[in-house]
Amino acid sequence: MTATGPATAPVTAALALGDDALVLSHRLGEWAGHAPVLEEEVALANIALDLLGQARVLLSLAGDEDELAYLREERSFRNLQLVEQPGGDFAHTIARQLYFSTYQHLLYAELAAGDGPFAPLAAKAVKEVAYHRDHAEQWTLRLGDGTEESHGRMHRACEALWKFTGEMFQPVQGLDIDWTRLDERWRESVEAVLRRATLPVPEGPRTGAWSAGAGRQGLHTEPFGRMLAELQHLHRSHPGATW
Amino acid sequence: MATPAAQRTARTEADGTPDTVGTTAYQRAFDAAVAADERVEPRDWMPDAYRATLVRQIAQHAHSEIIGMQPEANWITRAPSLRRKAILMAKVQDEAGHGLYLYSAAETLGTSREELLDKLHSGRQKYSSIFNYPTLTWADVGAIGWLVDGAAITNQVPLCRCSYGPYARAMVRICKEESFHQRQGYELLLALSKGTTEQHAMAQDAVNRWWWPSLMMFGPPDDASQHSAQSMEWKIKRHSNDELRQRFVDICVPQAESLDLTLPDPDLRWNEERGHYDFGPIDWTEFWEVLKGNGPCNEQRITQRRRAHDEGAWVREAAAAYAAKHTGHTDGTRTTGHQTAHETEAERA
Amino acid sequence: MSTTDWPLWEVFVRSRRGLSHTHAGSLHAPDAELALRNARDLYTRRGEGVSIWVVPAAAITASSPDEKDPFFEPAADKPYRHPTFYDIPEGVKHL
């Protein structure tokens, strides 16, 4: 199935942004019934629902939302490797949220301010994402500056996901963004939050030897294939059915 | 809403009234309020048995909401369209919210959520047995919405007029939010019923499996229900189990017809004389077995619940520790983290 | 309170500008900031509010039901506080 066809600029970008939102929403949806406290069930679901809403609008710009979500192969997805990483513990989820929401917020604020094809979507989404970012920051502070155990877990999570953060600033075709500047602002913001949370800023490389721009080019990590299998199996078991 | 602590104080004062004439006066005031359809509020005096019944019922109700997330969450990652995925996520989220409203209502009676969760996790308090059945196919999500939520709504609407204020208010909110749950289930089944042969069969199979357990949700027949009579007298409960069950059957039969699905009961037929549908005998042996813990998912549900709670302990502790370090910082604006901590420490020193 | 037992907060929501905050319910949170955010997620997810207050439940002082009579009954026999107490001849306007 080649839903994308010849890649025109907005389609490539719509897929990149749409897949980010779809995949992260799916990962957050895995928390349902497993969250550390009832109040957080509600909070995580709110974030997942915002992202799913964004994904549906973005994928619809590129084609049929369900065809794109359910019938593409792994190699056709354009999301960042960061968002496909399995949940792990709550610290991993929060670290993933912190890295991604900060990026998404900065990016969408720029898109909203411009006059490109994504401006209307970004104008709405930027408010949602501001809240996601705040949620991630609040929890980063509490886990980092909480107990010895939470500090250790949050530290490990931030380290583990650090190598997926470089990919976020690989230029996406069709988005008129100063990526270097975006990266600088991201680092400033994330480092400030980590410091306030008494967490060391990870020092390792921000891309793996193999992963620069990988997700955006359809190269993903192994857990992603299993995630897609779960997401797609029912839809694919009934070709042509409506739901 | 009074705090549990304040509540306890009021209660101790009332119970501590030395002269029996005083206690009787409390009892009389309580009886009169209930008889006049007035609401009992947290700090009012109430008989211990009334309080205990409410705690038991509200806790069971709250537990049902949060355990009830599991069978449906089972399909969030596999929902067959993005629209359905969003609907299901919102629905499961509502259930967490409803659990929260109900635990809050229970807390006004002087029992903490932690205490109630403990009782759930250790099996000392129950949740609705319906959630001990598995969701085997996507159609089960529809059947739960239509039948299980339908039965729950039939049970819950009268609770909006329950004599205990906080419970009644929680139910008003819950019923308002629940109306979408039942409709989405019906719509989901309708899509399957009108879909391919396989989809129709999936829908019928789900209805076959969920119909009888749904009827059991109204509880044992009136003559075998140990708590019913007293609860009716206290106006915690407004209709008998059998009355509500009949109401539910009467509502479902025409709905099933318009779904083009059948209900798995050969004895189901309109009774002109009664003005109701007659239905076949319910297998209460199964009900009691599931209640005792021998249902298909009892162990799985409580294990997952306990694991989520245990694995979340470090998160709750972290947030409590952080709050303790950063006291006095309550303006709700973006936190200033470290700086505040140092200031606070300086103040203390 | 055990370390994991977060305190209870009462939530007040202003449903739209021009109306006062009314009690919506309660929730648990470790501190005011998360209480506010939890309240937003829980009590305004269907667009029910434009402003939220959270108050530690322990900070509320309530009148006691035992004092109900001395507190509230004396107000019941002062009808002269209400405009309908006064007879005004027909035809008098703007009163």
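Protein chains get the first letters and strands the later ones, always in sequence-line order, with residue 1 at the start of each.
For the atom pair L15(A) CG and R72(A) CZ, the distance stands at 5.0 Å (nearest 0.5 Å). Here the CG atom belonging to N46(A) is positioned 9.5 Å from the NE2 atom belonging to H135(A), to the nearest 0.5 angstrom.
Contacts between A35(A) and chain B at a heavy-atom distance below 4.5 Å involve the backbone alone (N, CA, C, O). Contact of W139(A) with chain B is made through the side chain alone, with heavy-atom distances under 4.5 Å. Heavy atoms of S25(A) lying under 4.5 Å from chain B belong to its backbone as well as its side chain. Of the two parts of L52(A), only the side chain, counted from C-beta on, holds a non-hydrogen atom closer than 4.5 Å to a non-hydrogen atom of chain B. Only the side chain of T196(B) comes within contact range of chain A, with heavy atoms under 4.5 Å apart. Interface residue L100(B): backbone and side-chain heavy atoms are both found under 4.5 Å from chain A. For chain A, the nearby part of R84(B) is the side chain; its heavy atoms alone come within less than 4.5 Å. Contact of F90(A) with chain B is made through backbone and side chain together, with heavy-atom distances under 4.5 Å. Only the side chain of L22(A) comes within contact range of chain B, judged by heavy atoms closer than 4.5 Å. For chain A, the nearby part of I76(B) is the side chain; its heavy atoms alone come within less than 4.5 Å. For a residue to count as touching a neighbouring chain, one of its non-hydrogen atoms must lie under 4.5 Å from one of that chain's; by this rule L44(A) does not touch chain B. Contact annotation for H238(A): only side-chain heavy atoms (C-beta onward) come within less than 4.5 Å of a heavy atom of chain B. Contacts of R236(A) with chain B are absent, with no heavy-atom separation under 4.5 Å from either backbone or side chain. Residue contact with chain B, scored on non-hydrogen atoms closer than 4.5 Å, involves the side chain of A69(A) exclusively. Both the backbone and the side chain of V315(B) have a heavy atom closer than 4.5 Å to some heavy atom of chain A.
Ranked by non-hydrogen atom pairs under 4.5 Å with chain B, the options R153(A), M227(A), E149(A), M154(A) are led by R153(A). Considering only heavy-atom pairs separated by less than 4.5 Å from chain A, the leading option among A86(B), G99(B), A73(B) is A86(B). Top candidate by heavy-atom pairs under 4.5 Å with chain A, chosen from E311(B), M69(B), Q199(B), is Q199(B). Counting heavy-atom pairs under 4.5 Å between each of T147(A), L59(A), T242(A), L38(A) and chain B puts L38(A) at the top. Of the listed residues G312(B), P80(B), A191(B), G195(B), the one with more heavy-atom pairs under 4.5 angstrom with chain A than any other is P80(B).
Taking a cutoff of 4.0 Å between a charged side-chain nitrogen and a carboxylate oxygen, E187(B) and R83(B) qualify as a salt bridge. Salt bridge annotation for D145(A)-R196(A): absent, with no cationic side-chain nitrogen under 4.0 angstrom from a carboxylate oxygen. Ion pairing between a basic and an acidic side chain is recognised when a charged N comes within 4.0 Å of a carboxylate O; R27(A) and E30(A) show such pairing. A salt bridge links E137(A) with R133(A); the closest basic N to acidic carboxylate O contact falls under 4.0 Å.
Note on residues 38-65 of chain A: pairs passing salt bridge (charged side-chain N to carboxylate O under 4.0 Å, His left out), not counting sequence neighbours, are E39(A)-R113(B), R56(A)-E65(A). Listed by first and then second residue, the side chain to side chain donor-acceptor pair (under 3.5 Å) pairs that reach into residues 64-73 of chain B are E72(B)-K91(B), sequence neighbours excluded.
Counting heavy atoms from C-beta outward, K85(B) and H26(A) have side chains that approach closer than 4.5 Å. At least one side-chain heavy atom of F224(A) sits less than 4.5 Å from a side-chain heavy atom of E74(A).
Taking the six-membered ring for Trp and the full ring otherwise, the centers of F131(B) and H63(B) sit at least 6.0 Å from each other.
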Check step by step if ring-ring contact (aromatic ring centres under 6.0 Å, His included) holds for H132(A) and H105(A).
CA-CA 9 Å; H132(A) 305 174; H105(A) 187 223; 9.7 Å; no
